[in-house]
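Worksheet for the structure shown next.
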Amino acid sequence: MTVQTTAIASVNPRGLAPERVPQRRAGGPRRFLARLPVRILLAILLVIMIYPMVWMFLGSFKTQGEFLNEPFWSLPQSWSFENYVSVFENGFGQYILNSIIVVFPSLAIVLIVGVAAGFALEVMVWKGRGTVLLLFLAGIMVPTQMILLPLFTIYFRTGLTGTYWPMILTYIATGLPLTVFMMATFFRSVPREIFEASTLDGAGILRSFWAVGLPLVKNAVFTVGLVQFFFFWNDLLIALTFTNSDALRTIQVGLLNFTGQYGAVQYGPTFAAIAVSVFGTLVIYLFLNQQVMKGLTAGSVKG
Amino acid sequence: MERVLGDKRAVLILLGPALLLYSLIMLVPIIWSLGYTVMDGNPIVGFTFNGLDNFIKFFNDPAAWSAVWFTIRFAFVMTVLQVAAGYGLSLLYVFYLKKASSTIRTIIFFPIVLPTVAIALLFTRLFEAAPTTGPVNSFLNLLGIESVDWFGTPEASFWVLILMGLWQSMGFYGVLLYAGVLDIPEEMLESARLDGAGGWKLVRTIVLPLSLPVLLSSLIFSINGTLKVFDSVVALTNGGPGNATTPLTLYMFQTSFTYGQYGYGSTIALMLTILCLLFTVFIFRSTRRDLTKD
């Protein structure tokens, strides 16, 4: 509405001016005052949301002495990267590497098999597909705790314990229900005629999937991939269960154990470690926030 | 064409890998886990059949009941508050900020993508009382209130967990519900306005009833997530003080991996699953009844 009025005003400023000016004079200050409480509330809310991040960032440059003797709002006395150096000296580089080694293969496999399954369940016509879809859906609700102990036994018996495989395999299994379900939903929004036309043109179903279906849901695959990335990257439960040595720790498990490595809390390094672990997801959000918001909310409404 | 779209071999090729992985790593372990509930032991010492002992133990175990109670209380308070806060935000976005809400939506949403472990460690410091006075206690001191030892009492720890959860998730629920409120047809709001309904009356009579479906799915999503709370508890309070903030998820984890009782651990996991099912059905039922009454 505001866009419309300004557009009209710019076309015919004289005609509208006499009408609008008195209105503004009468309603202006009162309207401003009426809106003031909500504005203040909103400002406080934004400070509460953003301040912890600012505090974390500033804290990552402070020394132990500054933490113990200065009030929390003091600025760091120097911008030295000493705390960050100590974080990486404590194995954080390895933790980040472990997270990458575990998360990306899981992501690739879950997307490839999940998209194919979504296609088979939604586009193709066969008996029992409703049941199979329900079977996948059930996995969204069952807590991961239900599968941890048998999986521990399986990995132990097959000698996979102590490798990256337990984490990768478990991420694939826990990621599949949502991926399959979201992909099925996306395929549902593609008009069936497209696939029917491509089969009439003589394409086999596998070709239809590869050459017609996949390009159509390319953006959806990216969105689902983003959502799953956050789930895998931020996971603690599975990583904690299947890392039995420091060499396997992911970034979350490493961070959890970080404060425990010293006798007293080393504030600066702890803040730097938090900043490092937050950095990745925050940067992704900075650039892709619209897709992330769309993906995360789509993954829940239907789930 | 139907022969092509129903090609059995293609179904096998496309669905096979996903179904195989899912069955082996998800479905088989779920059934297997049920088998563990009547066993005692762990993979290293072996398993022995012990009938319903695990269930009897569960019902006579004060720590288990304390965990059940904490889980339910946390899930209930967290769900109500985060959906309410999210709904408030969504109304703010739609009716107050309107087109200008995009930036604020994006800012308030961001904490949901951060790792909970990192947020929890940050909140430990935010609420710290000693040796350093964190921002929260400093603020209380400023108002003339003495520093609170937030992690020293069960009650205070509970509320720090809730506040942290709210900080992390309210922007998410704000956006989730925003889409639902936005779907309310403009004509219905306009005709209600012409009838003289404005402000709270408009919200109560038109907006709230029309956003019930999206509120319902938010509630179900929220209760299912909060009943499974794990990361934030482990990183913020580690279940303490004592076991006052230990949910079923953490109790299951400790029972299984600290004490090596796989049978009892599986029983606790099963109880958690039943709890999730019960709550989902309960919300479904109670809201459906309300809808028919209207």
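Proteins come first, then strands; the chains are lettered A, B, ... in the order of their sequence lines, and each starts at number 1. As the structure is a computational prediction, the values presented were derived from the model and not from experiment.
The choice from B:Ile107, B:Leu21, B:Val175, B:Ile108 that makes the most heavy-atom pairs within less than 4.5 Å of chain A is B:Ile108. Per-residue counts of heavy-atom pairs under 4.5 Å with chain B were compared for A:Ile50, A:Ile154, A:Ile109, A:Val132; the largest is that of A:Ile154. By number of non-hydrogen pairs under 4.5 angstrom with chain B, the leading residue of A:Leu46, A:Thr179, A:Val123 is A:Leu46. Interface check for chain A: of the options B:Gly16, B:Ser33, B:Pro111, the most heavy-atom pairs under 4.5 Å are formed by B:Ser33. For chain A, the option among B:Ala179, B:Ser138, B:Ser102, B:Gly265 with the highest count of heavy-atom pairs below 4.5 Å is B:Ser138. Counting heavy-atom pairs under 4.5 Å between each of B:Leu126, B:Ile31, B:Ile119, B:Asn224 and chain A puts B:Leu126 at the top. Most heavy-atom pairs under 4.5 Å with chain A: of the set B:Ala269, B:Pro115, B:Ala118, this distinction falls to B:Pro115. Contact count against chain B (heavy-atom pairs under 4.5 Å) is highest for A:Ala117 among A:Ala117, A:Ala273, A:Ala120. Interface check for chain B: of the options A:Leu149, A:Val113, A:Asn234, A:Val278, the most heavy-atom pairs under 4.5 Å are formed by A:Leu149. The candidate with the highest count of non-hydrogen atom pairs below 4.5 Å against chain A, out of B:Arg9, B:Met26, B:Gln168, is B:Met26. Comparing A:Ala138, A:Ala173, A:Pro143 by how many heavy-atom pairs each has under 4.5 Å with chain B, the most go to A:Pro143. Comparing A:Tyr51, A:Phe209, A:Phe72 by heavy-atom pairs within less than 4.5 Å of chain B, the highest count is held by A:Phe72.
Only the side chain of B:Leu97 comes within less than 4.5 Å of a heavy atom of chain A; its backbone N, CA, C and O stay farther away. Looking at A:Glu70, there are no atoms closer than 4.5 Å to chain B (heavy atoms on both sides), in backbone or side chain. For A:Ile172, the part sitting under 4.5 Å from any heavy atom of chain B is the side chain, from C-beta outward, and nothing else. For a residue to count as touching a neighbouring chain, one of its non-hydrogen atoms must lie under 4.5 Å from one of that chain's; by this rule A:Trp233 does not touch chain B. Looking at A:Phe229, neither its backbone nor its side chain comes within 4.5 Å of chain B, counting heavy atoms on both sides. Both the backbone and the side chain of B:Thr249 have a heavy atom closer than 4.5 Å to some heavy atom of chain A. A:Arg207 does not touch chain B: none of its heavy atoms, backbone or side chain, sits under 4.5 Å away. Neither the backbone nor the side chain of A:Ile112 comes within less than 4.5 Å of any heavy atom of chain B. Residue B:Phe110 touches chain A through both its backbone and its side chain, counting heavy-atom pairs closer than 4.5 Å. With a 4.5 angstrom heavy-atom cutoff, A:Leu45 touches chain B only via side-chain atoms. Contacts of A:Leu169 with chain B are made by both backbone and side-chain atoms, with heavy-atom separations under 4.5 Å. For a residue to count as touching a neighbouring chain, one of its non-hydrogen atoms must lie under 4.5 Å from one of that chain's; by this rule B:Tyr36 touches chain A with the side chain only. Proximity to chain A (any heavy atom under 4.5 Å) is shown, for B:Leu19, by both the backbone and the side chain. With a 4.5 angstrom heavy-atom cutoff, B:Tyr262 touches chain A via backbone and side-chain atoms both. Heavy-atom distances place the side chain of B:Leu92, and not its backbone, under 4.5 Å from chain A. Of the two parts of A:Ile251, neither the backbone nor the side chain holds a non-hydrogen atom closer than 4.5 Å to a non-hydrogen atom of chain B. The contact between A:Phe152 and chain B is made entirely by side chain atoms (from C-beta outward), counting heavy-atom distances below 4.5 Å. Of the atoms belonging to B:Thr280, it is side-chain heavy atoms, and not backbone ones, that fall under 4.5 Å from chain A. Looking at B:Tyr173, there are no atoms closer than 4.5 Å to chain A (heavy atoms on both sides), in backbone or side chain.
Taking the six-membered ring for Trp and thresholds of 30 and 60 degrees, A:Tyr285 and B:Phe109 have nearly parallel ring planes, at less than 30 degrees apart. The aromatic rings of A:Phe232 and A:Tyr171 lie parallel to each other, their planes meeting at an angle below 30°, with 60° marking the opposite boundary. Aromatic ring orientation, A:Phe67 versus A:Tyr267: parallel (interplanar angle below 30°, classes split at 30° and 60°).
Side-chain atoms of A:Asp235 never come within 3.5 Å of backbone atoms of A:Phe231 as a donor-acceptor pair (strictly under, hydrogens ignored).
A distance of 9.5 Å separates CG in B:Leu89 from CG in B:Leu177, rounded to the nearest 0.5 Å. Of the inter-residue distances, the one linking B:Thr273 atom OG1 with B:Ile268 atom CD1 reads 12.0 Å to the nearest 0.5 angstrom.
With a 4.5 Å cut-off on side-chain heavy atoms, B:Pro135 and B:Phe127 do not count as touching. Counting heavy atoms from C-beta outward, B:Ser256 and A:Gln145 have side chains that stay 4.5 Å or more apart. Side-chain contact check for B:Met164 versus B:Thr116: some heavy-atom pair is nearer than 4.5 Å.
Other residues, nucleotides and ligands contribute at most 12 non-hydrogen atoms within 6.0 Å of the CH2 atom of A:Trp165.
Figure legend: cation-pi geometry between B:Arg105 and B:Tyr178, with NZ or CZ positioned under 6.0 Å from the six-membered ring centre and within 45° of its axis.
In this structure, a donor-acceptor pair under 3.5 Å is present between the side chains of B:Thr132 and B:Glu128. Counted by atom type alone, B:Gln261 and B:Thr255 present zero donor-acceptor pairs between their side chains at under 3.5 Å.
Partner A:Ile140 forms a side chain to side chain contact (heavy atoms under 4.5 Å, CB included) with one of A:Leu176, A:Thr174, A:Leu178 and no other, that one being A:Leu178.
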Could you go through A:Thr270 and A:Gln266, starting from their C-alpha distance and side-chain angles, then the distance that decides it, and tell me whether this counts as side-chain hydrogen bond (donor to acceptor under 3.5 Å, both in side chains)? CA-CA 6 Å; A:Thr270 304; A:Gln266 296 289 311; over 6 Å; no
Please test A:Leu151 against B:Trp32 for side chain to side chain contact (heavy atoms under 4.5 Å, CB included), starting from the C-alpha separation and ending with a verdict. CA-CA 9 Å; A:Leu151 285 179; B:Trp32 194 326; over 6 Å; no
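For an aromatic pair to be called close, the ring centres must be under 6.0 Å apart, and A:Tyr155 with A:Phe242 satisfies this. Taking the centre of each ring, A:Phe119 and A:Phe195 come in below the 6.0 Å mark.
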